[in-house]
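Below is one structure, written out as structure tokens, with a few remarks after it.
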Amino acid sequence: LVKELLATGLLVRHAANASLVLAPVQVYPVDLDDGTTLLVATDWPIESVHLASASRVMPIGVDSLTLALGMPAGLCANKRVLDVCCGSGIQALAAAAAGASHVTASDISPRAVRFTQFNAALNAQPSVIALCGDGLDAVRGERFDVILANPPFVAVPPGVSDDAALYVTGGADGADFVRRLMRDADGALARGGCLLVVTQLPNPDEAHSWLARASGGALEVGFVYDPR
């Protein structure tokens with residue numbers, strides 16, 4: 001049976017120890033507050049993954065779950081929602097399950113887009129479409145009532161980023177993408193729209209000020225800090 005599973009790609013040999021085999025992806029159950037259970041396929045954590053570094057898609061982690069499970073009740077109902085830096089598409093799926101009328105998911109990684117497309121089909125969420133693009137580039141000219149983002153936030157020194165997964169690399173201080181998103185979000189939000197971001201930030205004591213500056217004053221910024 002193992003030989004057959006290896007031949008189909010449902011199992012692969014471990015890169016460091018060929019005597020070990022593993023599934024190339026995981027399927028992670030996510031229980032939403034309304035009783036819905038999502039099944040989310042994505043890559044394994046970095047230390048056990050079979051792929052080259054840059055191709056990896058973010059596994060389900062605490063920050064993924066914080067955003068997916070922390071959305072206010074009714075926020076997405078009958079709304080146009082964008083999940084930017086979608087990875088596996090967990091936020092898009094949660095928004096669709098919460099009654100969004102239309103959900104777009106975008107990511108710079110073609111593998112992430114394929115995961116999101118697969119997960120939308122797996123969870124019978126036809127309102128979710130997935131596009132490949134850098135940041136908001138894939139949805140230029142569109143407006144959304146809600147934008148969700150769990151962007152790259154790890155500080156990666158210059159010269160090291162080529163070896164890091166795309167979902168990790170947040171620039172020299174980890175906040176490059178957050179700055180871009182704050183700068184560009186006003187052009188993608190409908191009137192009265194809402195941007196929700198879960199991330200780690202440098203200088204959290206000053207984050208409210210520099211987030212507001214990054215948006216050019218176009219967004220009203222609320223900041224919740226978890227010191228853990």
Side-chain angles (χ1 to χ4, degrees), residues 1-32 36-69 83-94 96-97 105-125 128 130-134 148-172 174 176-177 198-200 226 228:
L1 178 60
V2 171
K3 289 182 178 179
E4 285 78 5
L5 291 174
L6 286 168
T8 61
L10 294 175
L11 289 178
V12 295
R13 295 201 179 276
H14 195 283
N17 185 344
S19 66
L20 299 177
V21 295
L22 68 155
V25 301
Q26 60 175 311
V27 178
Y28 193 104
V30 178
D31 294 326
L32 302 178
T36 301
T37 297
L38 301 174
L39 296 177
V40 184
T42 189
D43 283 321
W44 293 98
I46 287 175
E47 58 269 16
S48 63
V49 79
H50 179 74
L51 298 170
S53 295
S55 300
R56 298 168 181 145
V57 173
M58 184 175 176
I60 305 301
V62 172
D63 44 350
S64 306
L65 295 173
T66 297
L67 184 54
L69 302 179
D83 175 11
V84 65
C85 301
C86 64
S88 62
I90 178 175
Q91 316 305 336
L93 296 172
S106 70
D107 202 290
I108 194 173
S109 163
R111 183 172 173 83
V113 171
R114 292 193 294 272
F115 264 124
T116 299
Q117 292 169 333
F118 174 83
N119 287 326
L122 179 63
N123 290 276
Q125 293 290 3
V128 176
L131 304 173
C132 194
D134 186 3
L148 306 171
N150 177 204
F153 56 69
V154 177
V156 179
V160 178
S161 59
D162 289 345
D163 297 322
L166 288 172
Y167 74 81
V168 168
T169 310
D176 279 4
F177 190 88
V198 170
T199 188
Q200 294 182 17
D226 183 348
R228 290 176 295 175

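- With sequence neighbours left out, Gln117 forms a side-chain contact (heavy atoms from CB on, under 4.5 Å) with Val113, Arg114, Ala130.
- With sequence neighbours excluded, the residues forming a salt bridge (Lys or Arg N to Asp or Glu O under 4.0 Å) with Asp134 are Arg180, listed by chain and number.
- Using a 4.5 Å cut-off on side-chain heavy atoms (C-beta onward), Ile90 and Asp83 make no contact.
- In this structure, Val12 and Leu22 have side chains that are in contact, with non-hydrogen atoms separated by less than 4.5 Å.
- Remark: Asn150 pairs with Asp63 by the side chain to side chain donor-acceptor pair (under 3.5 Å) rule, at least two apart or across chains.
- Every side-chain contact (heavy atoms from CB on, under 4.5 Å) that Leu39 has, sequence neighbours left out, goes to Val27, Pro29, Leu122, Asn123.
- Nearest heavy-atom pair across Met58 and Ser64 is CE-OG, 3.7 Å.
- Once rounded to the nearest 0.5 Å, the distance linking CG of Leu11 with CD of Glu4 reads 10.5 Å.
- With sequence neighbours excluded, the residues forming a side-chain contact (heavy atoms from CB on, under 4.5 Å) with Leu131 are Thr104, Ala138, Val139, listed by chain and number.
- Every residue meeting the side-chain contact (heavy atoms from CB on, under 4.5 Å) condition with Leu20, not counting sequence neighbours, appears here in chain and number order: His14, Asn17.
- Here the closest heavy-atom approach between residue Phe115 and residue Ala41 is recorded as CD2-O, 3.2 Å.
- From Asp43, atom CG reaches atom CZ of Arg56 across 8.5 Å, with rounding to the nearest 0.5 Å.
- With sequence neighbours excluded, the residues that form a side chain to side chain donor-acceptor pair (under 3.5 Å) with Thr36 are Asp34.
- Using a 4.5 Å cut-off on side-chain heavy atoms (C-beta onward), Leu65 and Tyr28 make contact.
- Annotation: side chain of Leu32 is in contact with side chain of Leu69 (closest heavy-atom distance under 4.5 Å).
- Between the CG atom in Asp31 and the OG1 atom in Thr37 there is a gap of 4.0 Å [rounded to 0.5 Å].
- Side chains of Thr199 and Phe177 form no contact here, defined as non-hydrogen atoms less than 4.5 Å apart.
- Minimum heavy-atom separation, Pro24 to Gly9: CG-O, 3.5 Å.
- Counting all heavy atoms, side chain and backbone alike, Thr116 lies closest to Gly87 at OG1-O, 3.0 Å.
- Nearest heavy-atom pair across Ala149 and Leu67 is O-CD2, 3.5 Å.
- Here the closest non-hydrogen pair linking Asp107 and Cys86 is OD2-N, 3.2 Å.
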